[in-house]
Asks: 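Attaching a single structure in structure tokens format; questions to follow.
Residue numbering restarts at 1 for every chain, and letters A, B, ... go by the order of the sequence lines.
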Amino acid sequence: AQSVTQLGSHVSVSEGALVLLRCNYSSSVPPYLFWYVQYPNQGLQLLLKYTTGATLVKGINGFEAEFKKSETSFHLTKPSAHMSDAAEYFCAVSNGQAGTALIFGKGTTLSVSS
Amino acid sequence: NAGVTQTPKFRVLKTGQSMTLLCAQDMNHEYMYWYRQDPGMGLRLIHYSVGEGTTAKGEVPDGYNVSRLKKQNFLLGLESAAPSQTSVYFCASSHGVEAFFGQGTRLTVV
């Protein structure tokens with residue numbers, strides 16, 4: 001079975017500050033890992049994904065995440081927050097088999113203040 | 001290219017009423033999914049389909065039925081709506097491991 005834990009349901013940062021959203025996973029097989037972003041009243045948009053290969057993954061809007069197998073983590077970071085980054089962020093895991101549904105964490109709401 | 005389209009976007013139902021949510025994708029994806037999103041709960045899988053004519057239960061299937069008569073469409077039905085089904089419903093499709101999501105349907109049951 002697979003599961004995802006997102007530490008912190010709400011994270012607040014100042015504009016220009018580092019963004020760090022935490023995600024830990026549990027998986028009995030090599031995981032595929034994803035970060036999605038949801039802006040208010042919109043659907044989910046893929047930020048980045050890890051499948052195999054390089055453990056540091058770069059995504060859209062300046063975000064990146066690092067897969068650390070030893071820590072079972074896939075934390076999302078951005079060096080400098082923008083006001084437009086305020087949204088809800090979801091970490092998700094898959095077993096990598098085509099058609100397998102993603103399993104999501106409960107989400108982290110990011111607030112950015114000026 | 002519309003991607004994944006959900007109809008309707010908003011709906012208010014009375015307890016006991018029935019309704020069908022429609023999901024249509026134009027990417028020729030084999031796999032389709034219905035999730036519900038509730039505050040503090042993330043997205044939970046209701047039902048999914050691995051191909052035309054197939055459906056399977058997810059994590060929270062009770063009170064819902066689905067059909068996939070055509071490859072591009074995945075319907076979610078509520079036979080007798082309950083207030084506990086007030087939620088935002090998302091449809092997604094995929095051809096591999098990455099899922100593409102619709103804009104959601106906000107359903108309120110009063």
Asks: Taking heavy atoms only and a threshold strictly under 4.5 Å, list by residue number the residues of residues 104-111 of chain A that touch chain B; give 'none' if the list is empty.
Replies: F104(A), G105(A), K106(A)
Asks: Taking atom CZ of F100(B) and atom CG of L46(A), what is their separation to the nearest 0.5 Å?
Replies: 7.5 Å
Asks: Answer yes or no: does atom CD of E52(B) have more than 12 heavy-atom neighbours from other residues, nucleotides or ligands under 6.0 Å?
Replies: yes
Asks: Quick one: do V57(A) and V37(A) end up in the same hydrophobic cluster if we chain Ile, Leu, Val, Met, Phe, Trp and Tyr together by side-chain heavy atoms under 4.5 Å apart?
Replies: yes
Asks: Out of G40(B), S93(B), S94(B), which one racks up the most heavy-atom pairs below 4.5 Å with chain A?
Replies: G40(B)
Asks: Same cluster or not: are Y25(A) and F90(A) linked, directly or through other Ile, Leu, Val, Met, Phe, Trp or Tyr residues, by side-chain heavy atoms under 4.5 angstrom apart?
Replies: no
Asks: Counting only non-hydrogen atoms closer than 4.5 Å, does Q37(B) touch chain A with its backbone (N, CA, C, O), its side chain (CB onward), both, or neither?
Replies: side chain
Asks: With a 4.5 Å limit on heavy-atom distance, are the side chains of R106(B) and N41(A) in contact?
Replies: yes
Asks: Measure S9(A) against the heavy atoms of chain B and call it side chain, backbone, both or neither at under 4.5 Å.
Replies: neither
Asks: Less than 4.5 Å to any heavy atom of chain B: does that hold for the side chain of E88(A), its backbone, both, or neither?
Replies: side chain
Asks: Tell me whether Y33(B) contacts the main-chain N or O of L102(A) through its side chain, where contact means a donor paired with an acceptor under 3.5 Å.
Replies: no
Asks: Do Y35(B) and Y89(A) sit in the same hydrophobic cluster, where Ile, Leu, Val, Met, Phe, Trp and Tyr count as joined when their side-chain heavy atoms come under 4.5 Å apart?
Replies: no
Asks: Measure across E98(B) and F34(A) and return the closest heavy-atom pair with its distance rounded to 0.1 Å.
Replies: CA-CE2, 4.1 Å
Asks: Shared ILVMFWY cluster between Y48(B) and L21(B), side chains joined below 4.5 angstrom?
Replies: no
Asks: According to a 4.5 Å side-chain heavy-atom criterion applied to Ile, Leu, Val, Met, Phe, Trp and Tyr, with indirect links allowed, do I60(A) and F74(A) form part of one hydrophobic cluster?
Replies: yes
Asks: Please check if atom CZ in R44(B) has more than 12 non-hydrogen atoms from other residues, nucleotides or ligands closer than 6.0 Å.
Replies: yes
Asks: Does any heavy atom of chain A fall under 4.5 Å from the side chain of E30(B), the backbone, both, or neither of them?
Replies: neither
Asks: Please report the interatomic distance CZ(F101(B)) to CD(Q45(A)), rounded to the nearest 0.5 Å.
Replies: 12.0 Å
Asks: Side chain, backbone, both or neither: which part of L45(B) has a non-hydrogen atom closer than 4.5 Å to chain A?
Replies: side chain
